[in-house]
2 protein chains.
Amino acid sequence: MKARATETQRKTRIQIENEERILDAALEEFSAHGFRGATIDRIAEHAGMSKPNLLYYFRRKQDIYEALIARLLDKWLEPLQALDAVGDPLPELQSYIRRKLEMARDFPRESRLFANEILQGAPRIKRLLESELKPLVDEKAEILRGWMKAGQINTVDPRHLIFSIWSTTQHYADFDVQVQVILGPDRGAAGRFEDAARYLETLFLDGLRPKDKAGGTPRVRDL
Amino acid sequence: MKARATETQRKTRIQIENEERILDAALEEFSAHGFRGATIDRIAEHAGMSKPNLLYYFRRKQDIYEALIARLLDKWLEPLQALDAVGDPLPELQSYIRRKLEMARDFPRESRLFANEILQGAPRIKRLLESELKPLVDEKAEILRGWMKAGQINTVDPRHLIFSIWSTTQHYADFDVQVQVILGPDRGAAGRFEDAARYLETLFLDGLRPKDKAGGTPRVRDL
DNA sequence: CTAGAGTTTTATCAAACAGTCAATATTTCG
DNA sequence: CGAAATATTGACTGTTTGATAAAACTCTAG
């Protein structure tokens with residue numbers, strides 16, 4: 001019988017192995033070229049199997065992509081899920097930033113996969129963003145608002161705060177080539193991420209205005 | 001005679017018009033799908049001309065892409081170019097952030113074009129990054145270091161500071177779909193950018209740690 | 001007006017591409 | 001074992017894609 005996901009069918013050892021290999025190869029290709037830029041041929045080659053054999057497990061290109069997204073989204077949102085109302089605000093936020101940065105370091109392909117998709121208008125996962133991402137962000141934004149009202153962190157738009165954490169951390173995965181060009185070869189990947197962690201801690205905690213200087217520069221008017 | 005860029009040939013009115021239309025259409029397609037995902041057919045259709053006619057002006061797909069990049073890079077780096085050692089540090093930085101945010105608002109396609117290219121490993125512009133972007137960043141990082149030594153801004157790695165300005169501002173162009181899903185339809189694009197500007201000002205100037213609270217939370221250990 | 005430069009179109013090509021099919025090989029399990 | 005279920009392959013189809021050639025058309029300078 002053909003491998004069908006509709007019926008509650010037990011998966012073969014070979015099925016499990018091959019789907020794993022396919023999804024890993026697909027992650028490689030989709031994250032590097034986007035949905036349209038990636039080809040089934042290259043995914044099959046990278047997975048070490050013939051194209052028809054790959055299509056035996058996933059009937060269409062889009063099926064591979066959707067399986068990938070479904071498998072990775074939860075993992076990707078885990079750090080935000082873990083943001084806890086009970087903990088102390090600043091350590092809790094720092095912990096979130098640190099986790100996101102670790103994700104960028106350890107799973108750059110996943111980061112680029114999502115970046116590619118969003119960048120290209122999220123045509124295939126927009127619904128997922130509305131049904132999964134939006135409620136989660138709303139929930140966590142509420143926690144942040146609580147902390148702001150209690151005066152435990154500065155009062156800002158919590159959703160923009162989340163955006164800035166996403167963008168600054170994922171930048172090190174998504175724009176890695178550019179980061180490397182600018183930072184040069186000295187200090188390996190590990191060093192770069194340590195430096196990034198140190199910098200982001202300062203930025204998010206204290207910003208750039210020096211603490212000591214009293215007669216500081218005057219505030220500039222709004223946009 | 002054929003349109004050739006090698007000789008210093010005066011351009012026809014038609015040439016100027018058509019190249020303009022092609023580059024605009026190409027910006028649309030390349031920024032939305034990346035180099036491999038975009039097709040000459042769609043660019044030609046979007047530019048309102050036949051594919052062979054388009055290929056009369058640009059012989060190969062890559063030529064269109066390179067012409068686009070060349071035309072846009074300077075404009076894209078303009079805000080950083082404008083960062084001036086003479087001005088007061090904090091207003092100068094705020095001005096830079098504001099300009100970058102305005103670019104993200106007014107030229108989102110350009111932002112996405114570069115994002116797509118870097119995301120996919122910058123295979124076509126890596127050299128350009130090394131020869132143009134790197135020296136510029138080095139120069140401006142030196143200015144930032146000067147301000148830090150003078151105690152006019154907090155001491156951080158200036159290159160990571162620049163990364164964070166790039167990522168937070170360009171996020172509003174590159175991840176626009178996601179931003180819209182999370183912020184919802186209320187408040188138009190203009191409102192979103194006002195909010196972003198306000199938030200980023202707070203973040204970069206003061207960070208999240210509240211000023212008044214004395215017995216603040218303890219610092220969390222490094223990564 | 002007209003010759004030649006410049007522009008556009010029609011027709012075409014080979015390669016790359018997503019996806020199908022029937023035949024063959026392999027694994028699983030009673 | 002041996003039959004059914006599962007897995008793999010080669011050959012193939014129709015389409016899309018980047019690119020070319022040559023003929024036909026249009027514009028412009030003299």
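Throughout, protein chains are lettered first and strands after them, A, B, ... in sequence-line order, and every chain is numbered starting at 1.
A salt bridge is absent between A/Arg21 and A/Asp24: the closest approach of a Lys/Arg side-chain nitrogen to an acidic carboxylate oxygen does not fall below 4.0 angstrom.
Considering only residues two or more places apart in sequence or on other chains, A/Arg159 meets the side-chain contact (heavy atoms from CB on, under 4.5 Å) condition with A/Val137, A/Ala141, A/Arg145, A/Asp157, B/Ile182, B/Leu183. In terms of the side-chain hydrogen bond (donor to acceptor under 3.5 Å, both in side chains) criterion, residue partners of B/Gln62 (sequence neighbours excluded) are, by chain and number, B/Glu66.
Separating the CD1 atom of B/Ile16 from the C1' atom of C/dT7 is a distance of 15 Å, rounded to the nearest angstrom. Atom NE2 in A/His33 sits about 10 Å away from atom P in C/dC17, given to the nearest Å. Look at CZ on A/Arg60: it is 14 Å from C1' on C/dT20, rounded to the nearest Å. One interatomic measurement links the two molecules: CG of B/Leu55 to P of D/dA21, which rounds to 12 Å at whole-angstrom precision. Across the protein-nucleic acid pair, B/Lys61 atom NZ and D/dG18 atom P stand 4 Å apart, rounded to whole Å. Atom CG in B/Asp63 sits roughly 12 Å away from atom C1' in D/dG18 (whole-Å rounding).
Residue whose closest nucleotide on DNA chain D sits further toward the 5' end, between B/Gln62 and B/Thr12: B/Gln62.
Among the protein residues, B/Ile14 comes within range of the sugar-phosphate backbone only, with heavy atoms under 4.0 Å from sugar or phosphate atoms but none that close to a base.
Between B/Asn18 and C/dT8 there is a side-chain N or O to OP1 or OP2 distance below 4.0 Å. B/Arg13 has no side-chain polar atom (N or O) that falls below the 4.0 Å cut-off from OP1 or OP2 of D/dC27. Applying the 4.0 Å criterion to OP1 and OP2 of C/dG6, one finds that B/Tyr57 has every side-chain N and O outside that range. Taking side-chain N and O atoms only, A/Gln15 has no distance below 4.0 Å to OP1 or OP2 of D/dT6. For the pair A/Tyr56 and C/dC21, the criterion of a side-chain N or O lying under 4.0 Å from OP1 or OP2 is not met.
Annotation for B/Glu45: atom CD does not count as buried by contact number, only 12 or fewer foreign heavy atoms lying within 6.0 Å.
Within the structure, ring pair (Phe, Tyr, Trp, His ring centres under 6.0 Å) pairs that include any residue of residues 14-51 of chain B comprise B/Phe30-B/Phe35, B/Phe30-B/Tyr65, B/Phe35-B/Tyr65 (at least two apart or interchain). Residue pairs that meet the salt bridge (charged side-chain N to carboxylate O under 4.0 Å, His left out) test with at least one member in residues 169-184 of chain B, sequence neighbours left out, are B/Asp176-B/Arg192. Identified under the side-chain hydrogen bond (donor to acceptor under 3.5 Å, both in side chains) test for residues 71-86 of chain A, with sequence neighbours left out: A/Glu20-A/Arg71.
Near-neighbour residues of DNA chain D inside residues 36-54 of chain A, defined by a heavy atom below 4.0 Å, number-ordered: A/Ser50, A/Pro52, A/Asn53.
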